[in-house]
Amino acid sequence: MAVSVRIPTILRTYTGGASEVSAEGATLAELLDCLEADHPGIRARVLDDTGALRRFVNVYVGNEDVRFLDDLATPTPDGAQVSIIPAVAGG
Amino acid sequence: MSAPTVEPTTAPAAAPADTAPAPDPRLREGAFGNATALACRECGHQVALGPFYACPECFGPLEVAYDFPAVTREQIEAGPRNIWRYKALLPVPDDIEQSPNTEPGFTRLLEARNLAAELGLDKLWVKDDSTNPTNSFKDRVVACALSAARELDAKVFACPSTGNLANAVAAAGARAGMKTVVFIPSNLEKPKQVNSAVYTDKLVAVDGNYDDVNKLASEIAGEEEGWAFVNVNVRPFYAEGSKTLGYEIAEQLGWRLPDQVVIPVASGSQLTKVRKAFQELVALGLVEDKPVRIFGAQATGCSPVSTAYKAGVDAIRPVKPDTIAKSLAIGNPADGIYVLDICRETGGAVEDISDDEVREGILLLARTEGIFTETAGGTTVGVLKKLVETGQLDTSLETVVINTGMGLKTLDAVADRVGPAATIAPSYSAFVASGIV
Ligand SMILES: Cc1ncc(COP(=O)(O)O)c(C=O)c1O
Ligand SMILES: [Zn+2]
């Protein structure tokens, strides 16, 4: 079960500069555990002290914001594309 | 002598200017004027001035921090009749006027006696930003973003946009001789598409809503070298341009703050910056301190901030927009939580109205004040009316409503509602028979 995860510029220090990494997990929460094992420190950047997604980070499975899905319980099926993107303002 | 440093509005104690991160040696001296660093609005962490927009610690938005010099009213009044009169308070170099730009700003502040009478307000002004070079307030933010793009030696000037920003980026890029690429949702109003495509041959229509376009732009910004996305990687500089709306309102009122302001909210950036402008003017001693109630306006079909305000919660649940007010159709507004804080803290509110009320708002402003606004302004005027009717706005206080865009760009919104009152033969008897007067 491999899922491809797009890493934003500010987190690439944790992935050795890689903009895309592979991880495993049936849900977003499991995927973040897997990412943490491979790239220590990354989970705490994405999740806050209470274990929820930080306020200014948007996580997408495919093209859908996980807050329209099941948040951290959102399924991340084999072959899915996950993107972590800082929130931006101003249209 | 140095005036007090004005810190980002809610950041916990940003470090003083002398501990600011060292600037990139490739930048020329004074490239960003009196700006000293980019500071996280959430945790105060500072990074060097550059094409950065998210805090590496907490993902919070980065904002420009300054060490302002002493600035006098006279110095400002002696400046040009555009936003560069406030250049000392913006992240732009002192020689900014030498570089081609669209020179937006110093738009009219009109006393709106008819609209005030209609709504039962004692004193009302319309800050009319529809007369900017590409007919929306976005020319202000783009002028600052263009300066940053130039100083950072960007090769491509770009944006995701609900339309007005695309117009402003395409025009400013053309004048600056830069390559522009602008991304819009494919269902955008036709006039807004044309208003970009005349200035650039690289208008990209994306099948999706603004939030999809925004996501795409963020991904491109992370991969492509030398691109300045005005509202993504140079966002901190861009956003500062909205402060000039607040400065102008205060200056045009005779160097004082209004009591109440009604401002449209899409991402919420503009509202937070108008507030920041008022606070800076007070900190710099340019106006007297006083309470200013700040109100946000949304269309019900895309009202995540208003919904959170009414529910009394701090978190904003994103929505899928469905409204004619497309320039306000951002379902996941990044600055929404700050809008909530500001409106609550100042005794204002966030309100929303239906699409029919948006159309009525457009006609109301047109028929009382002769100002043809787009759907965003219809939303703002409609919300002003609703705030009066529901008693949320104090009718005895001095109020300013901001019209951020021009009605010709969203003609379709009212085209079916207005037209000839009669079609008659060219004869006097036909005119009399029509009963028009
Ligand atoms: C005409 C107009 N008014 C208001 C806004 C909202 O500004 P903000 O996104 O800063 O809230 C926009 C664009 O986003 C706009 O085009
Ligand atoms: Zn931070």
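None of the values given here were measured: they were computed from a predicted structure. Proteins come first, then strands; the chains are lettered A, B, ... in the order of their sequence lines, and each starts at number 1.
Remark: A/Arg6 CZ to B/Ser218 OG distance equals 11.0 Å, nearest 0.5 Å. Of the inter-residue distances, the one linking A/Phe56 atom CZ with B/Leu62 atom CG reads 11.0 Å to the nearest 0.5 angstrom. Once rounded to the nearest 0.5 Å, the distance linking CZ of A/Arg55 with CD of B/Glu42 reads 4.5 Å.
A/Asn58 has its side chain out of reach of B/Lys215: every pair of non-hydrogen atoms, C-beta onward, lies at least 4.5 Å apart. Side-chain atoms of A/Ile10 and B/Phe59, non-hydrogen and from C-beta on, do get closer than 4.5 Å to each other.
Contact record, B/Val232 with A/Val88: CG1-CG1, 4.0 Å, taken as the closest heavy-atom pair. Of all heavy-atom pairs spanning A/Arg12 and B/Gly222, the tightest one is NH1-O, 3.0 Å. Closest approach of B/Glu219 to A/Ser83, counting heavy atoms only: OE2-OG, 3.1 Å.
If you measure heavy-atom distances from A/Leu11 to chain B, the contacts under 4.5 Å come from the side chain alone. Looking at A/Asp48, there are no atoms closer than 4.5 Å to chain B (heavy atoms on both sides), in backbone or side chain. For A/Leu53, no part lies under 4.5 angstrom from a heavy atom of chain B. Heavy atoms closer than 4.5 Å to chain A are found nowhere in B/Ala239, neither backbone nor side chain. Of the two parts of B/Cys159, neither the backbone nor the side chain holds a non-hydrogen atom closer than 4.5 Å to a non-hydrogen atom of chain A. The contact between B/Glu57 and chain A is made by backbone and side chain atoms together, counting heavy-atom distances below 4.5 Å. Neither the backbone nor the side chain of B/Leu216 comes within less than 4.5 Å of any heavy atom of chain A. The part of B/Val319 that comes within reach of chain A is its backbone (N, CA, C, O), which places non-hydrogen atoms under 4.5 angstrom from that chain. For B/Pro333, no part lies near chain A; criterion is any non-hydrogen pair under 4.5 Å. In this structure, chain B has heavy atoms under 4.5 Å from both the backbone and the side chain of A/Arg45.
Within residues 62-72 of chain A, the residues having any heavy atom closer than 4.5 Å to a heavy atom of chain B are A/Gly62, A/Asn63, A/Glu64, A/Asp65, A/Arg67, A/Phe68, listed by residue number.
Ranking B/Pro61, B/Cys55, B/Gly60 against chain A, the residue ahead of the rest is B/Pro61, based on heavy-atom pairs under 4.5 Å.
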